[in-house]
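This report concerns only the one structure given below.
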Amino acid sequence: MRINDWIPKVLSALRSGGANLVDMFPPYKRVEGQLRDKGADSHGEYNLLIEDQIVLVDWLTYETLIVGEPLRILMTRTNRAISIDRVSP
């Protein structure tokens with residue numbers, strides 16, 4: 001395999017890794033509201049719809065939360081949940 005074949009792959013990996021690294025740092029977004037819907041896509045990602053925001057969560061969180069619950073969520077720039085709190089009505 002030639003070096004010219006590796007360059008695009010290495011650049012793509014660096015770009016993806018850099019984007020993930022930037023996503024870890026503040027500022028974080030906050031959303032508060034009722035869990036309106038939840039769903040899973042074909043790529044194995046689990047999503048929650050809070051008011052008008054789609055938030056990415058892990059499978060355990062997806063299974064635990066119930067549609068209709070009032071929630072407060074802290075999330076990264078790419079809408080991955082960092083913390084989820086149940087809010088009393």
> salt bridge (Lys or Arg N to Asp or Glu O under 4.0 Å) with R30: which residues, sequence neighbours excluded?
Replying inline: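 Counting only residues at least two positions away or on another chain, R30 forms no salt bridge (Lys or Arg N to Asp or Glu O under 4.0 Å).
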> Taking only residues two or more places apart in sequence, or in another chain, which ones meet E63 in a salt bridge (Lys or Arg N to Asp or Glu O under 4.0 Å)?
Replying inline: none
> Are L60 and Y62 linked, directly or through other ILVMFWY residues, by side chains that come within less than 4.5 angstrom of each other?
Replying inline: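 Both belong to a single hydrophobic cluster.
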> Do I50 and Q34 pass the side-chain contact (heavy atoms from CB on, under 4.5 Å) test, and can you show the C-alpha distance, the side-chain angles, and the key distance before you say yes or no?
Replying inline: CA-CA 6 Å; I50 310 295; Q34 189 175 27; over 6 Å; no
> side-chain contact (heavy atoms from CB on, under 4.5 Å) with T61: which residues, sequence neighbours excluded?
Replying inline: V57, D58, L65, I84
> In this structure, which one of I82, L56, V55 forms a side-chain contact (heavy atoms from CB on, under 4.5 Å) with T76?
Replying inline: I82
>> Enumerate the salt bridge (charged side-chain N to carboxylate O under 4.0 Å, His left out) contacts for residues 65-75, please, sequence neighbours excluded, ordered by first and then second residue.
In response: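 Sorted result for residues 65-75: E32-R72, E69-R86.
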> Atom CG in D85, atom CD1 in I73: separation rounded to 0.5 Å?
Replying inline: 9.0 Å
>> Show me the pairs that pass side-chain hydrogen bond (donor to acceptor under 3.5 Å, both in side chains) and involve residues 38-53, at least two apart or across chains.
In response: R36-E51
> Taking the hydrophobic residues Ile, Leu, Val, Met, Phe, Trp and Tyr, and joining any pair whose side-chain heavy atoms are under 4.5 Å apart, which ones share a cluster with I54?
Replying inline: L49
